[in-house]
Amino acid sequence: MAPKTTAVWFRKCLRLHDNAPLVEAAKRGGRLLPIFVLDPHFARPEFVGAPRYRFLLESLADLDASLRKRGSRLCVVRGETEATLDGLFAGACDALPGVKVDAILWEEELVEPWGVARDARVAAAAKARGVAASAVAGGHLLFDPREVLGACGGKAPTTMPAMVKAAAALGAVPAPLEAPATLPPPPDGLPDVVGVPTLEAMGYEAPPAAAFGVAGGESAGLARLEAALARDGGAWARAFEKPKTKSTKFDVDPSTTVLSPYLKFGCVSARLFRARLADVYAGGPHAQPPTSLLGQLYFREMAYANALKHGAAFAQSPSPVCADIPWDDPATDAAAAARLRAWEAGRTGYPFVDAAMRQLKETGWIHHLARHAVACFLTRGDLWLPWTEGARVFDRDLLDADWAVNNFNWLGLAGVASWSPPFFRVYSPVPNHKQSSLNVDDAAGAYVDRFVPELRKLPAKYKYAPWTAPAAVLAAAGVVLGDTYPRPLVDHKVQSKDNIARFKEAQQRNRANKPKPPPKGAPKTKKQKV
DNA sequence: GGATCCGTTGTAGCT
DNA sequence: AAGCTACAACGGATC
């Protein structure tokens, strides 16, 4: 009798440590088929930008190398997901002839709507073929988001105190699992050609730069984690406060950890991050949520709890968590479409916004506060365009694009959610180096020089506002506004004031139209009854 | 159950 | 120069 073959289907969780499905498969023995399905449906520049696709392929190559050290290997199959897996269940997969899977394990997807639906279809296909399929709970987060909802009385936490309270109620986070020391061998007759393809083979042109030299994979992620925690003997991690980090640092020395891409793909487990952080926090006084490093992990938990609560509606406008604002519609309004294209291309005429948008496109990463600035500018601040368009661009281009986190942040920044700042708090696209909360620490204009090179010869004092430069200065710098670099797309002073008024009006209308609760009617009727 | 408090991170313009 | 005020006054949590 041939030994049973168990597949571990990788999706997120691209690691050996803290990987419950892999530990379970190692325990079962027999033959192990670690598999990643590269679905060509997603290998499209309009869905996934080149930097992120490269990060994925690097992560797969690293995963394969680590598996090989333990007697296994990763099968990367290019094909439609459900057809590929169903073929394996039937012993008739074109890419892996002769391989039949008897059981399959994967890390459970609870939140992303298309992933949940896909998994349900795969589970049904497995059942129909008599293959035992198991979705193993919870390796992507600190807590099971269903339990977070439970700890909040069925509601999702929308403030950090609520999240901290929920975390306390849920108690200890499970310790991260060790990577299995050895793994069962692959099935007999596995073709050797099924490996990680190149970016070019997937139809991409290799992008020029990687953010801070980040490379995908568990090995690089763990090294980055340990380097961050070891900085200044742990003092840096203990003192970390997000609002104090700098938005314009772009080269070798970022002011944050840049671990988010590794968390998104699961190259680094959130539970391992938390456990190692606890070790470092034990070394002395440390910052607290929301601003601390632990707070950053808690925001992720909040995003997932809210996304679970609201499902597909979490990405829609309006929705039960998203105020109805009459944004200009780029689908029907040519001027709005042009503004959207200018924002996306980094050609708004505001160098800070443009540098950030070009950095995003080119490297797949921008600092948190730069995300705030460009998101506010696109929506309530200046361009009056729907946040869902911005979320689409971020989802495509960010290395760390994560459905729940991305929508949670856009809902907040667009001003439409309960966790949004007051709508009249609008970021200036011409940040003041001394007092802006965007922490633009770039008096020399190096950030603009790097990503908006057509302004390189402009004196530093005009770098973030070229339209204020005298004509002779512009001419000497070779800048022709409206030609070599755009004039400001909108006049921020005028436009933001206008938009604040429009936003207020829309919110008042929403409140007036709110059908459900009788907050003003109730007391009256009660009084009448009494 | 109504009042009060609080929420990771604003900016401009003034003294 | 640091600190104040105006802007305009949300909505969920808490007691």
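Being a predicted model, the structure only gives us computed values, none of them experimental.
For the pair A/K165 and C/dT14, the criterion of a side-chain N or O lying under 4.0 Å from OP1 or OP2 is met. An OP1 or OP2 oxygen of C/dA9 is reached within less than 4.0 angstrom by a side-chain nitrogen or oxygen of A/K504.
Residue A/K155 is classed as a sugar-phosphate contact, given heavy-atom separations below 4.0 Å to backbone atoms only.
In the set B/dT9, B/dT11, B/dA12, the nucleotide with an atom closest to the side chain of A/L369 is B/dT9. Side chain of A/R425, nearest nucleotide from B/dT9, B/dA12, C/dA9: B/dT9.
Applying the side-chain contact (heavy atoms from CB on, under 4.5 Å) rule to A/R341 yields the partners A/A337, A/A338; only residues at least two apart in sequence or on another chain are considered. Residues satisfying the salt bridge (Lys or Arg N to Asp or Glu O under 4.0 Å) test with A/R274, not counting sequence neighbours, are none. The side-chain hydrogen bond (donor to acceptor under 3.5 Å, both in side chains) check on A/R11 picks up A/D119, with sequence neighbours excluded. Residues satisfying the side-chain hydrogen bond (donor to acceptor under 3.5 Å, both in side chains) criterion with A/T379, sequence neighbours excluded, are absent altogether. In terms of the side-chain hydrogen bond (donor to acceptor under 3.5 Å, both in side chains) criterion, residue partners of A/E112 (sequence neighbours excluded) are, by chain and number, A/K12. For A/A307, the side-chain contact (heavy atoms from CB on, under 4.5 Å) criterion is met by A/V111, A/F314, A/W403, A/A404, not counting sequence neighbours. With sequence neighbours excluded, the residues satisfying side-chain hydrogen bond (donor to acceptor under 3.5 Å, both in side chains) with A/R450 are A/E362.
Taken from OG in A/S247 to CG in A/L438, the straight-line distance is 6.0 Å, to the nearest 0.5 Å.
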Notebook entry, point to check: For DNA chain B, what dot-bracket results from Watson-Crick or G-U pairs at under 3.5 Å, with [ ] for crossers and | for inter-strand partners?
Noted result: .||||||..||||||

Got a list of protein N/O to nucleotides 6-8 of chain B N/O distances below 3.5 Å?
{"from": "B/dT8", "atom 1": "OP2", "to": "A/M160", "atom 2": "N", "distance (Å)": "3.0"}
{"from": "B/dT8", "atom 1": "O4", "to": "A/Q296", "atom 2": "OE1", "distance (Å)": "3.4"}
{"from": "B/dT8", "atom 1": "O4", "to": "A/H368", "atom 2": "NE2", "distance (Å)": "3.4"}

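Using P as the reference atom, B/dT8 and C/dA8 are 25 Å apart when rounded to the nearest Å.
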